[in-house]
Amino acid sequence: MALMLAGCKDLPGPDQVKHLDGYWEIAQVEFPDGGTRDYPVNTTVDYYHLEGRKGYRKKLQPNADGTFATSDDALPLQVVVQDGALILVFESDSGTWEEHVEALTPEEMTLMHGNGLRYRYRKYEPINLNP
C-alpha cells in the first residue's frame, strides 16, 4: 500500500524550476538500504544558478561574515522535462549523470541520484553571529 501511495504523489513540474536557483544545503541523505544520515550543520553549500533551463552547480564554503569561499569550478547542468517530471542532467570530465527532482519548493528540495542515493536539501540560511 505504501508503494502505491508513494507512486501517486505529485512530482514537481516545469513551473517549479524557478525554485532551484539559489543556495541549498543537504539536510539528509537516504541510502538504498533505507538507512539515513542527517546533516544538522554543513561546511559546504550547493549554489544552483539557472538561465532558462541551463546553468551550473557550485560548491561553496560559507564564511562567518556572510561571504563564501569557492573555486572557479562549476558543474554544468541542464533541466530536462520528461513525462512531466524534472530531471537535472550534469556533465563533467568523468561523464554525464541524472538526478531526478522528487520535490521542489522555495524551502525544500529532494533529488534522487541514479546511484540510488536520495538527497534532501533545505534552503540555506546564513548563521547570524551578530545579535
Side-chain angles (χ1 to χ4, degrees):
M1 183 74 154
L3 288 176
M4 242 174 121
L5 292 174
C8 295
K9 71 178 179 179
D10 291 331
L11 293 174
D15 58 329
Q16 291 169 299
V17 170
K18 63 185 176 212
H19 301 311
L20 181 64
D21 224 31
Y23 301 88
W24 294 90
E25 62 181 331
I26 294 176
Q28 183 184 68
V29 175
E30 183 179 320
F31 300 97
D33 66 3
T36 60
R37 179 173 177 192
D38 294 329
Y39 291 84
V41 177
N42 290 288
T43 58
T44 61
V45 172
D46 288 352
Y47 174 68
Y48 287 84
H49 176 75
L50 290 178
E51 293 182 16
R53 297 283 171 92
K54 293 187 178 193
Y56 61 86
R57 179 177 73 191
K58 274 187 104 144
K59 297 285 186 184
L60 308 174
Q61 294 178 318
N63 295 318
D65 65 358
T67 61
F68 296 94
T70 184
S71 69
D72 289 331
D73 295 335
L75 188 60
L77 72 88
Q78 182 173 354
V79 178
V80 175
V81 179
Q82 182 177 337
D83 298 326
L86 294 177
I87 301 169
L88 305 181
V89 180
F90 295 92
E91 294 182 37
S92 74
D93 293 339
S94 59
T96 302
W97 71 93
E98 297 179 352
E99 294 181 5
H100 291 251
V101 181
E102 295 185 335
L104 183 56
T105 70
E107 300 301 321
E108 297 179 350
M109 172 172 63
T110 302
L111 301 177
M112 175 61 99
H113 191 283
N115 63 8
L117 294 176
R118 178 175 283 116
Y119 295 92
R120 299 184 192 280
Y121 287 84
R122 63 183 164 259
K123 201 63 145 178
Y124 172 72
E125 294 290 334
I127 296 172
N128 185 357
L129 299 177
N130 299 321

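Predicted, not measured: the structure shown is a model, and the values here were computed from it. Index from 1, following the sequence.
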Judged by atom type as modelled, is there a donor-acceptor pair below 3.5 Å linking the side chain of D38 to the main-chain atoms of P40?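 A pair under 3.5 Å: no.
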Is there a donor-acceptor contact under 3.5 Å from the side chain of K58 to the main chain of S71?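 At least one qualifying donor-acceptor pair exists.
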Mind checking what makes salt bridge (Lys or Arg N to Asp or Glu O under 4.0 Å) contact with K59, not counting sequence neighbours?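 Result, salt bridge (Lys or Arg N to Asp or Glu O under 4.0 Å) vs K59: D46.
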Among the clusters formed by ILVMFWY side chains lying less than 4.5 Å apart, do [X] and [Y] turn up in the same one?
X	Y	answer
Y47	M109	no
W24	Y56	no
V29	Y121	yes
M112	V80	no
Y48	I87	no

Output all residues satisfying side chain to side chain donor-acceptor pair (under 3.5 Å) with [X], sequence neighbours left out; order by chain, then residue number.
X	value
Y39	R37
N115	H113
D72	none
E125	none

Which pairs with one or both residues in residues 83-92 pass side chain to side chain donor-acceptor pair (under 3.5 Å), sequence neighbours excluded?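 Sorted result for residues 83-92: S92-S94.
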Can you name the ring-ring contact (aromatic ring centres under 6.0 Å, His included) partners of [X], sequence neighbours left out?
X	result
Y119	none
F68	Y23, Y124
H100	none

With ILVMFWY side chains joined below 4.5 Å, transitively, what does V41's cluster contain besides itself?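 Result for V41 is none, singleton.
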Out of the candidates L88, L77, L50, L20, only one should pair with R57 under the side-chain contact (heavy atoms from CB on, under 4.5 Å) rule; please name it.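 Among L88, L77, L50, L20, the one meeting side-chain contact (heavy atoms from CB on, under 4.5 Å) with R57 is L77.
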With rounding to the nearest 0.5 Å, note down the distance linking CG in L111 to CG in L117.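 It is 11.5 Å, given to the nearest 0.5 Å.
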Which atom of P32 lies closest to which atom of G116, heavy atoms considered: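 Result for this residue pair: CG-O, 3.7 Å.
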Where do K123 and H19 come nearest, in terms of heavy atoms and distance?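 It is NZ-O, 3.6 Å.
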For residues 21-30, pull every pair meeting salt bridge (Lys or Arg N to Asp or Glu O under 4.0 Å), keeping only residues two or more places apart or in separate chains.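 Residue pairs passing salt bridge (Lys or Arg N to Asp or Glu O under 4.0 Å), neighbours aside: E25-R122, E30-R118, E30-R120.
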Given the rule in the side chain to side chain contact (heavy atoms under 4.5 Å, CB included) test, do T110 and V101 qualify, once you have shown the distances and angles that lead to the verdict? CA-CA 6 Å; T110 302; V101 181; over 6 Å; no
Residues forming a side-chain contact (heavy atoms from CB on, under 4.5 Å) with K18, sequence neighbours excluded: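 Listed in chain order: nothing, the list is empty.
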Test log, rule side chain to side chain contact (heavy atoms under 4.5 Å, CB included), inputs T36 and F31: CA-CA 6 Å; T36 60; F31 300 97; 5.6 Å; no
